[in-house]
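Remarks on the structure that follows.
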Amino acid sequence: MQERKVALILSVFFFLALCFTVFLGIIYIKIITPRKLPTLEITKTDNAIRGSIFSLDNFELATSFKLYKASVNTRSINPEKKELFINLFSIYSGIPVSEIAKKFQAQGNVVLSYNLNSSVATNLRKLNLVLLRYDVFQEYENTKGVVIPKQGLNIQISGNNRNYPYANVLEPLLGYVKKNEIDGITRVHGLKGVEKYYNDMLVSKQDGILSGWRDVGFNVIMNKSAMKQPRQDGFDVVLSIPLRVQHKLEEILDKAKARYSTQEIIAGIMDSNNGRFLALGSSNRFNPNVLRNLEDYSVLNLSAVERVYEPGSTIKPIIYSILLEKNMINPRENIDLQNGVLRMKNFTIRDSMPAKSATPEEILINSSNIGMVKLTTTLSSQGLHTALRAFGFSDTTGIDLSYERKSSIPSVQKLNIEESTKAALSYGYGLQTTFVQLMRSYASFSNGGFLLTPRITQYISAPGGERYALPTPEPLQILSPQNAEKMQDLLIQVVQHGTGRPANVEGLVIGGKTGTAKIAKGGSYIDKYNGSFFGFAKDSQKTYTIGVVVFESHIQNDYYGSRTAAPIFKEIVEMLVNEGYLQKKQDPSALQEIPS
């Protein structure tokens, strides 16, 4: 009996000892063994943004802004306060409650929005502090035994977006951008226009980086161990174009397009003495903010530099100036115009205003095709080709815009072999040019004979405020000052007495030349025309070269350059007067005597 009692006591002792051992094991695992905690270090990236594009009068034409995403771990939200979180997040973000609740059907880390602007992101960070204070968030242990501390709302940059506040104004000159995702961040790069040409300047240079220990709100604690790399945004581009002048020009073109029922009208205003554009516009524009809704993608192209065409009679002053420079013009010579009909080997040339004869100056003033053919007869093919190349034809102008096309002229061999090619070239057929090419050629007539490199940019601005001018080639003297002045006087006579009379504006010095060229398609000419007018307007202080091209006027409508482009030219000059860029000379007869 005694032995059984001792055995029972020993059994109870060993059982208690076993229980105590198990208890110590649990204590060891739960208390003595360190818990697996997540790292408390964090790295935050402050993404640099693309530079802006400004007008000369300081309007922001293209700007980048950051987009933020908000995410939360649904397991870290106190179940009893889940509804409170959803309602408050909806109020602060503007996202409907139903949309947020739907996202909460998933468990774990959930992205509530990718497209928050900076002000909403700031407000959500403030909300996060409030939620932490009211214990909306809690720590929890995941399936691997890792204790996850309070996390709160996580607000991070998701990418950059590009905005054009003035929609289609200054398009397609400004161009547009394309979005790319790099390292999980949406970034943009230029595809057309200024955005493309200056992409390397505009693009962001270096993201800011901040790393170190974090607090419960996922903020980096700024102590000695924190590491910081500064953010470097892209440079800004400031155009030489005031927004107001550009907008006024585009209004003129829009009304003219509706009036003449044409395919497109382009026009530009350039300072004759430095080559900077005051405006460069098209009637065909687009809104880069809504490219997906675009129906006609051809409007993405900047016709001023990307579209080549036969210039028609606007080439005549350039040919005439070449002859002047080579001393091949005798102003007293009387040239037989054969009553407006000249028969050559393969074709017949006719003048719209037939005449028996004319002096060289009268030929230009009245725009005689036959006269231009006869004036260039003694000019060698090599001499003509070389002189046109000196004017920049067969090359680009070097303007600071992307995808500029080269103008083209017939080869010396073709000019030698084909009599008709050289003849047609003298009055604007058989060569192709761009709008900007003709603009800078005409500027030489009113700036002393210099060929300039056109520019649409005033300067580049660094994030620190430093300004940098774009390197510009030295102007080339292609005409003597005397011959440039002669050409200027001749173009004034064209406007006062010749085909350019619809472009005249009283009180200013106006010179220029009309052009009308039939359009070739599929190897033959069709009943559509390009009408143009290129010239200058000047007062006592300023001189502007102005060009207008009306593309694809139908034969049933007004299609002559004198009836379409010249009146538009006049409207542009009057706009410059109204905006204070040109001052009319006051008529003394209009002055009233002031009583003494």
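Excluded from the calculations below are hydrogen atoms, water molecules and symmetry mates; all remaining heavy atoms, backbone and side chain alike, are included. Treat the numbers as computed from the prediction; the structure is a model and nothing was measured.
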Worksheet item: Does the pair R440 and E404 meet the rule for a salt bridge (Lys or Arg N to Asp or Glu O under 4.0 Å), with working shown?
Response: CA-CA 14 Å; R440 78 161 179 169; E404 182 187 10; over 6 Å; no
Practice prompt. For L173 and L239, run side chain to side chain contact (heavy atoms under 4.5 Å, CB included): C-alpha distance rounded to whole Å, both residues' side-chain angles, the deciding distance at 0.1 Å, then the answer.
Written response: CA-CA 11 Å; L173 186 143; L239 303 183; 4.2 Å; yes
Item to complete: In sequence, state the C-alpha distance, the side-chain angles, and the governing distance for S272 and S446, and then conclude on side-chain hydrogen bond (donor to acceptor under 3.5 Å, both in side chains).
Response: CA-CA 7 Å; S272 299; S446 58; 3.3 Å; yes
Practice prompt. Let me see the working for T457 and M201 under side chain to side chain contact (heavy atoms under 4.5 Å, CB included), right down to the final yes or no.
Written response: CA-CA 13 Å; T457 301; M201 289 289 184; over 6 Å; no
Discussion item. Working note: Y442 + T314, criterion side chain to side chain contact (heavy atoms under 4.5 Å, CB included); need CA distance, chi angles, decisive distance, verdict.
Written reply: CA-CA 9 Å; Y442 268 75; T314 54; 3.7 Å; yes
Item to complete: List the steps, then state whether side chain to side chain contact (heavy atoms under 4.5 Å, CB included) holds for F569 with I510.
Response: CA-CA 10 Å; F569 178 99; I510 305 294; 3.7 Å; yes
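The environment of R467 atom CZ is sparse: at most 12 non-hydrogen atoms of other residues, nucleotides or ligands sit within 6.0 angstrom. Other residues, nucleotides and ligands contribute only 12 or fewer heavy atoms inside 6.0 Å of the CD atom of E485. Within a 6.0 Å sphere centred on CD of E466, heavy atoms belonging to other residues, nucleotides or ligands number more than 12.
For the residue pair S411 / K414, no side-chain donor-acceptor distance below 3.5 Å is found, with atom types taken as modelled. Residues R162 and S64 have side chains that bring a donor and an acceptor to within less than 3.5 angstrom of each other. Counted by atom type alone, N301 and K192 present one or more donor-acceptor pairs between their side chains at under 3.5 Å. Between the side chains of T376 and K422, no donor-acceptor pair of N or O atoms lies under 3.5 Å. With hydrogens and angles left out, the side-chain atoms of Y525 and E310 include a donor and acceptor closer than 3.5 Å. No side-chain donor from either of T434 and R405 sits under 3.5 Å from a side-chain acceptor of the other. Under 3.5 Å, the side chains of S540 and Q583 contain no donor-acceptor pair of N or O atoms. Between the side chains of T499 and S367, not a single donor N or O lies within less than 3.5 Å of an accepting N or O.
Heavy-atom minimum distance, P288 versus A167: CD-O, 3.4 Å. In this structure, G448 and A484 approach most closely via the heavy-atom pair C-CB, 3.6 Å. Smallest separation of non-hydrogen atoms from I241 and D57: O-OD1, 4.4 Å. Contact between P331 and P360 at its shortest, heavy atoms only, is O-CD, 4.0 Å. The two residues D539 and L582 come nearest to each other via the heavy atoms OD2-CA, 3.3 Å. Listed here is the closest heavy atom pair of Q488 and F445: CB-O, 3.4 Å.
No side-chain donor-acceptor contact under 3.5 Å links E361 to the backbone of L490. Proximity of a side-chain donor or acceptor of E306 to a complementary backbone N or O of L302 within less than 3.5 Å is detected. Remark: side-chain polar atoms of N287 are not paired, donor with acceptor, to backbone N or O of E171 under 3.5 angstrom. A donor-acceptor pair under 3.5 Å is absent between the side-chain atoms of K584 and the main chain of V577, judged by distance alone. Side-chain atoms of Q246 come within 3.5 Å of backbone N or O of L280 as a donor-acceptor pair. Without hydrogens or angle criteria, N330 side chain to R332 main chain gives a donor-acceptor distance under 3.5 Å. Side-chain N or O atoms of R501 include one that pairs as donor or acceptor with a backbone N or O of G498 at under 3.5 Å. Looking only at distances, no side-chain donor or acceptor of N483 sits under 3.5 Å from a matching main-chain atom of S321. Listed for the T386 side chain is no donor-acceptor partner under 3.5 Å among the backbone atoms of G383. Between the side chain of N366 and the main chain of S368, no donor-acceptor pair closer than 3.5 Å is present.
Contact of the T564 side chain with the T262 side chain is not registered, since no non-hydrogen atoms from C-beta on lie closer than 4.5 Å. Residues F534 and M439 have side chains in contact (heavy-atom distance under 4.5 Å, counting atoms from C-beta outward). Inter-residue side-chain proximity for S313 and N369 is flagged as met; some heavy-atom pair is nearer than 4.5 Å. Taking 4.5 Å as the limit, some side-chain heavy atom of N530 sits within range of a side-chain heavy atom of I519. In this structure, the side chains of L576 and L278 come closer than 4.5 Å at one or more pairs of heavy atoms. Side-chain atoms of Y164 and V290, non-hydrogen and from C-beta on, never get closer than 4.5 Å to each other. The closest side-chain heavy-atom distance from F435 to S532 is not below 4.5 Å. Side chains of L364 and P317 form a contact here, defined as non-hydrogen atoms less than 4.5 Å apart.
Atoms CD1 and CD1, from I265 and I568 in turn, are 4.0 Å apart once rounded to the nearest 0.5 Å. Here the CD1-CG distance, from I319 to L384, works out to 5.0 Å after rounding to the nearest 0.5 Å. One distance of note links CZ of R307 with CZ of F551; it measures 4.5 Å at 0.5 Å rounding. Separating the CZ atom in R455 from the CE atom in M270 is a distance of 12.0 Å, to the nearest 0.5 Å. Put simply, NZ on K196 and OH on Y176 are 10.5 Å apart, with the number rounded to the nearest 0.5 Å. Between K257 atom NZ and S283 atom OG the span is 4.5 Å, to the nearest 0.5 Å.
No close placement of the Y459 and F235 rings is indicated, their centers lying 6.0 Å or farther apart.
Between D336 and K356 there is no salt bridge, since none of the side-chain N atoms of the basic residue sits less than 4.0 Å from a carboxylate O of the acidic one.
The only member of N199, T63, D236 that meets side chain to side chain donor-acceptor pair (under 3.5 Å) when paired with R50 is N199.
In this structure, Y581 and Y544 have perpendicular ring planes: the angle between them is above 60°, well past the 30° mark.
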